[in-house]
Structures are given as structure tokens and as C-alpha cells.
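So the structure is just underneath, and the comments pick up after that.
Chain A is the first sequence line, chain B the second, and so forth, proteins listed ahead of strands; every chain is numbered from 1.
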Amino acid sequence: MSAHRIMFWQIEYTWLFYLLSAIAVLLFLIGAGSHIWVWKKNSKSMSLKGVGHALNKMCIDIITGRRLIRGDMAAGLMHFLIFWGFFLLFIGTCVLVAHEHLFEFLEGARYLWFSVLMEIGGISLLVGIIWGLVRRYLQRVPRLERRAEDAILPLWFVLMVLSGFFLEGARLAANSPQWADWSFVGNWIAGLIPAAAAERLYPSFWWVHALLCLGFISVVCYSKMFHILSAPASIFFSSASPVLPPSIEDETGRLDVAEAVFYDGCMRCGRCVAACPSSGAGEAYAPRDFVQWARKQMWQTQFPLNDIRLWNRGDYEGTNESMWYCTTCRACLEVCPVYGAAFEAVAKERRQAVEKGTLVPTILNQTLEKLFRYDNPWESSKKQRGAWAEGLDIADLTKRGAVTDLCYFVGCTTSFDDRARSIAHSFTKILQLTGVNFGILGKKEPCCGDIARRVGEFGLFEEQKEKCKTLFDQYGITEIATSSPHCYHTLANDYPDSSFRARHYTMVLKELLKNKKLSFEKPLNVTVTYHDPCYLGRHNRIFNEPRDVIRAIPGLRLVEMEHSRENSLCCGGGGGRMWQDLKGERKMSEVRLEEAEATGAQILITACPMCLIMMEDARKAAGTREGFRVMDLNELLLEALENK
Amino acid sequence: MTELNIIICVKQIPDPEAPLSDVSIDAENLEVVVDAPQVISPFDENALEAAIQLKEELDGKVTVLSMGKKLSDSVLRKALAAGADELILLEDNGFEKLDSHSTATVLAAAIKKIGSFDLVLAGRQAGDWDSGQVGLILGEMLGLPCISLAREITVEDGSVIVKKTVPEGYERVKAKLPALITVSNEVGELRYISRTRMLKMMRGGDIPAWTAEEIGVSDDAIEKMNIASLTTPPDMTRDCQFLEGSPDQQAAALVDVFVSLR
């Protein structure tokens, strides 16, 4: 007799099983349908592009779990075991259904292979789940939460797997077929069950297992387990229908489909919390919680029953008030397994807060007023904007007859802040030394709109954008170099259909280096470390240009900090945080400064006026090793060039 | 009483928080030259916020009055964008640089023309001259109970209860409505008015403007502020010297400094 299994062996009332199955599947479909309905209700019209690529990315992410393994090997392997265990068992169950109702094929060698794979699936799932429980409840990994469903669902899994193995064991103990060895786990359990009791116990085991599994199918869409569908969907939409930059015409609160799907795709893994520099400094903001709040908001506005979830229904009240902490540094998106941008959810909420008016904190309220009145956030006179350039023989592009190859867009902070002005001084000196024909806009230079855009004042941003575009057109400006990564990001990404090319100064320096315009006479024997500004690195992937320029300086040694490149920590000045008075346990800038000092470097180099101010202030406030300096890349480069 | 009818007086002034480099003094023409945008005086903005909060709580109507020779729509419509129901400008060639008494005369005439009201609010003082007189004189002219320096305003049973700032803290003062209250900054900053909201308001209908004649104020009733003299503040630049050396040397150096100042 070839190896096989008798379906529904010893089971009565199979009609009841089919009835319950139908109910479970119906609940599943209703749940899944509700999600799709809510996503559609919340989203603007959806346009898909690059569907093939998105599907490809989604499949690779799911099958390999690469996004989960990256950055957290233990969590990645744990998930890999759970995913593949679950997937094998799911496919196995489907195969059994096909075998029973379509055509019989599970016999002989095929059946034996099937048995082995099911054993592996069960073991893999069990090990993964127990590992997960250990991580959450014994190791107490800080980024993991311990809410009700975080315990209920894994324990449910454990019971499902164990009941499955026991039912198999009972069957093998009662029948002891000669191929029992292939079901190695079940066979081992069979040894624990007396043969006489096995046949009597089997139906009970079977029903327990069936009810657990059907129950599980029923709750998938009503718990965080829904991520088995929404996470792949989020990966797909993040690529096929990326979140568009919000436009002024948008109704506030309206989502892009990728955002709506992401909110439900988030299963609170907390990788964003571990990466978030604000959370890391002990501030009252956690990207995960904010996304959960946004998810709840989405359901509350569209779903008649308030929320579809069975657990955590009452939580996250008032979480949105933490929105002003976010520096929009993008660290959360960098690590999110489903490519969700918590900081964009924050931006959406900020926009609503700004329109409403009452939730804008006092200092930010004042800053926005000043920004509108004086076109800079530093409470400085428009007339003083070009004051730093007095006596430096720099062409003013707004004066008659001035034509240059490059417009240096100095920016508000570099124009007005005493410390940051040195960026303008050193950069223009380097340009002069290397013979670049450049000019500035003097007192007519406007604000690019970065702050307004980041804090959600879209009306003001739109006005500032128009002003900039008009000015650039008026003076025929096509090439722009900025001091600040924030201006660079705004001009390069938030000005669609622009007639100019914007670059950050590090890109200009890299070009000068490539064209052999930078020559050094003497080596500079120092060890430096480089802090990636968020809007240069993470947002625009400019990681190598500044490092290449630094490494070009002879004698200099560049060492990296614990967090660098895409994992860099924020200085705490972006996203409008520079103009707010929010406190945590520590300052983000001090956390970063400590990392810089720990490298043993003598100089911390950065490439952003905000980072420069934040890190310099941290150095003064916290105190550092004697002689430790914070410098802008331009300052360092000029020192090297003038080192004769 | 359920609904509350509030009249609030606001003044348009050059931004008192303008960068110092944009402010100069023309001593000859007795004029402070401020090269800065016009704004609603900050304490008046506080009063506006208080009025809107009362309206949100109790329902009613907020009417904004502003007086001047040339008033700017784009500045004062902010009050409407913030939630006020009506804006009335009191515009006349004669309404320039009026003294506090005359300003109150004009406002009182306008308020009498409006007729019915429960509360009149004003900022504790204007952000340009900081005299702090108009509100109180206005209360006297209208024959209203008057409470100054309000930090919290609650209305119940036809009365208003005000927490009034005093040097030691605050006093709770109760008055029968109608009453006049001058508002201090402790009531809170005016909510942020987004540019989109402001622009929407700019496209709104015409704003009524009443002249001196229309409110029945004759030329004799008002007087201009008389500035006797105006001087630039003394140069406040400080010179800081660090005395180095041992305590004895520092003490000796300090003595030298004092001696040289004698």
C-alpha cells in the first residue's frame, strides 16, 4: 500500500466543519473588503505606474524578507521562520483541499514529500513564534510593544501548531502506518500517546485544531495579522503609486493610496522608533504611534463602526499633539519594512493644524508670522540679507549687467546667523580661488519656502515658491548652488517644472575636485568625522560627494561615526524644529556630538548651516574634549587650500 | 442670556517687533520711521483671540472696529480670517495721530452707532505708543463698568468674571454686562492664520468704512497728539574687558579701572 492519508478520518459532522469554514472565509472577505473600501474612500484617485517593477520588488521582499533582515538580523530570521512556516502550512492546506475535492494525487512519494514539508513548516513556525515571544517578553527588545494582541496572536499560533502536531501524533499512534517515520515530529509525539487512547482522542484534537485555525482566519482582518495582506500591498503601492508632493489644491486630510495602505500595513514593529532621533533623545514622539494614530483617524472618518480592529481600539488619543517633534529627517522611512513614511503622515497633520490655527505652538506661530513679514525666520531685516558680502567683491545678480555661470543661493540661515555666515564666507572664497564666475541675489534673495513647507504652511510655501521662480526668471538664473541642504531639497524637489538646476555646494565642490581645480600644497594632519545632513544624505542620497572632497585633502583621515550615511542621526534642527522649544530627556545634537567625539576625531565636519549651528551649540553647552571643533566642509576645505 | 455680542477695538500699527535696523527716529519732524509691514497691535490680537474663544463657547457675534486715516484691508481682514463676523473701518482724513481721548471719542461714537452689545474688548495698550489709555477712557465715555489687564474672561448669568493681572498675581473681578475689558497677553496668542485662509478672506466682500461725519464726530471733538520732542535712544553699546592674572593682580587692575572712571 502506498503512503497516503484518509481525509476526515474518524470525523463526524463534517457539514459543521464546512459551515464554520464558510463563516470564517466570509468574515475574512468582509474584513478584507472593508479595508479596501476604507482605503478607496480616503484616497485621491489612484494612478499606477511601473506595476511590473513594483510587483517584482514586492515578491522579492516577501520571499527573501531582505528588508527585515537588513538592520536587524535576529528579527529578520525570526520573521523568515514564521513566514515560511506559515506559508508552507497554508500551501499544504490548500493542497489538501485540492486533493480532496478536485483530484486525488497525494499518494506515495508525493505524499511523503508533502508530509516532510508540513513537518518543517510546523517546526519553523513554532520556532519563529517562540523566538518572537522570547524577544518581546524575555529579552524585552526596546522597540517592541507589549499590548494585548501582541501576546494573544502568537499564543494562538503556538496552540495551532501544537494542536496540529498532537492531532497528527494521535493519528499515527492509532494507525501506525509504515511511513510514519517521515512525519518526524508527529511520530515522536505519537510515542507519547498510548495507542488505546489515541483513536478516542483524535477527534477532539482534530476539532480543537480546526476551530483554532478557522478562528484565526476569522480574526486576520481584525487584528495586526492583517499585515500578511496589507504589508505586501504597502510595498507594492509605495513603488507603483508613490506619495505625491501635496499640492495646495488638495483637500486637507486627503491621503494618497500608498499612505492609506501603509497605515494598515504597519504592524507596530517599532523599527522606526529605534531609528528615530527624536524618540532616541527621549522626546514625546514615536513615529509608530503617530502612524497608528493616523490609521485610527482614517478609520474613524470613514468606517461606520469606528475601527475594524478588535484590540487597541481606545488608544492613541492625543498622539497627534506630538507632531511638532518630528524633524522630518526620514530615518523612519529608511528602516520601515513596508516603505512607509511616518514623517509624511506628520506633514499631513501639520497642514491641518496650520489651517485650523489653534494647535500651532506659540513660537512657531510667531516664526511663521515673521517668515511672512520679513521673508526669513530669523527676525532679521530683508535689507540685511546681503550684508555678509559687503566688501567681498561678489557680483550682485540683481544689478544691471551682472551675468554669471552660477547663482549662489545663500539662504536665510547662512545669511543671518553669525556662525553660519562663515559658510558663505568660505564657500565664496573657494569659488573665487578656483575661478568660478558666480554671483548672489543680495538683499533681493527670497526664502525658498523650506520651513513653510515642512511645518505645513502650504499657502505661504506656494507664495514663496512663486516669488522665487519669478525672481529666477527675471534674472535669467539657470544654475543654482545652495548653502543649505534644505534649500537644495526644496528647490530641487518641491519646485516642479522649474527652469533652473539646483545643486548643493558639496556637488559643486565635487565637480571642482573632478576638474582638478582644487590643489593643496601641504598636508593637513587631522582626523575628522563627517555628519550627514538629513536633507542631503537620506533625502537626496548625496553621501559620497562630501566624503570625496574631504578625502581629497592630503594628510587628512576620515573616520565614520556609529551612525552614518542613511543611518545618520539628525542634529535636531530640521522640519521647523529650529524654531521651536520642545524638550526631551536629551538634545539630539548632544547625542550626535557624543558619537562624533567617540570616533576620536578632532573635527566634526558637516555640510548644512542648521547642523553647524546645532552642533556648535551642543559643543558649547555640553562641553567637549579640549580642541574639538565643529566645522562646515567649506571652512575645512578653505583651511586646507590656504595651508601654505 | 445665551448669545454674546462682542465689539472689539483694534489698532493698526507698524510691526512693533520689526528688526531694530528697520526703525529710525526723525527728530526734526518728530516722527518714528518704521520701515516694516503694518500689523494688528499684539495686545489687540490677544483681545481678538479672547473674543473668538468666547464666541466659540457661547455663540454670538464679534464685531471688529479699527480707526485710522488710511487703513489696510490686508492687515485688518486677518480679524475676519480669525473668526470675527464683521469688520468696520473708521476712516477719515482727520483720524490721524489722534490723542487717546480723541481716539476714544471716535470709537465711542461708532459703538453708539452700532447700538447693542454685551462686551467691548480692547488690548491693554497699543504696541506703538504703549499709552494704555484708550480702553479706559472709552469705558468712561460709554458709561460701562471697566476692567483692565484681563488674563482670563468668563461670562455667566449676565455678568463677566475677569481674572485681572496685578503685580502679586491676579484678582477676580465681576461686573454686570455690558462691560468693557482691556486684555493682557496672558489670555494667549491669537491662533495662527494660514495664508490660504487669509487669501480666501481677501477675496471676501467689501468692508464698510464710516467717516467722521457718518458717526457724528465733529472736527472740534478730536485733537491730534502733540509730541514735544523726540530723541534717539542713547547708544547702548557696552564694552566688556576681562581682567586677567592672579586675584591680587585682578583686584589691582579693577582699582585702576574705578580710579580712571572717577
Notebook entry, point to check: Checking salt bridge (Lys or Arg N to Asp or Glu O under 4.0 Å) for the pair B:Glu17/A:Lys370: CA distance, chi angles, key distance, verdict?
Noted result: CA-CA 9 Å; B:Glu17 281 154 37; A:Lys370 300 271 159 57; 3.1 Å; yes
Closest heavy-atom pair and its distance - [X], [Y]:
| X | Y | value |
| --- | --- | --- |
| B:Tyr192 | A:Glu369 | CE1-N, 4.3 Å |
| B:Ser21 | A:Gln384 | OG-CG, 3.9 Å |
| B:Leu190 | A:Asn365 | O-ND2, 2.9 Å |
| B:Leu199 | A:Glu463 | CD1-OE2, 3.5 Å |

Checklist line | Heavy-atom pair count under 4.5 Å with chain A, highest-scoring of B:Met198, B:Arg195, B:Glu49, B:Arg191 | finding: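 Highest number of pairs under 4.5 Å: B:Arg195.
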Note to self: Are B:Asp35 and A:Lys383 packed together at the side-chain level, in the sense that at least one heavy-atom pair is separated by less than 4.5 angstrom?
What the structure shows: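 A side-chain contact exists here, since the closest heavy-atom pair is under 4.5 Å.
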Note to self: Are A:Glu457 and B:Ser194 packed together at the side-chain level, in the sense that at least one heavy-atom pair is separated by less than 4.5 angstrom?
What the structure shows: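 Yes, close enough: below the 4.5 Å cut-off.
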Notebook entry, point to check: Does any heavy atom of chain A fall under 4.5 Å from the side chain of B:Ala18, the backbone, both, or neither of them?
Noted result: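 Both parts, backbone and side chain.
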Check: Using non-hydrogen atoms only, which part of B:Lys200 is less than 4.5 Å away from chain A: side chain, backbone, both, or neither?
Finding: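 No part of it gets close to chain A.
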Item checked: Full working for side-chain contact (heavy atoms from CB on, under 4.5 Å) between B:Val39 and A:Arg373 -> CA-CA 9 Å; B:Val39 299; A:Arg373 287 177 206 161; 3.3 Å; yes
Notebook entry, point to check: Has the side chain of B:Arg197 got a donor or acceptor atom that lies under 3.5 Å from a matching backbone atom of A:Glu355?
Noted result: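 Yes: the side chain of B:Arg197 pairs with the backbone of A:Glu355.
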Next item on the list: Sort out for me which of A:Ser381, A:Gly459, A:Ala452 touches chain B most, counting heavy-atom pairs under 4.5 Å.
Entry: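 Of the options given, most contacts go to A:Ser381.
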Note to self: I need the residue from A:Thr358, A:Leu368, A:Leu364 with the largest number of non-hydrogen atom pairs under 4.5 Å to chain B.
What the structure shows: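 The candidate making the most pairs under 4.5 Å is A:Leu368.
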Note to self: Between A:Tyr374 and B:Asp22, do the side chains contain a donor N or O and an acceptor N or O under 3.5 Å apart?
What the structure shows: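 No, A:Tyr374 and B:Asp22 have no side-chain donor paired with an acceptor closer than 3.5 Å.
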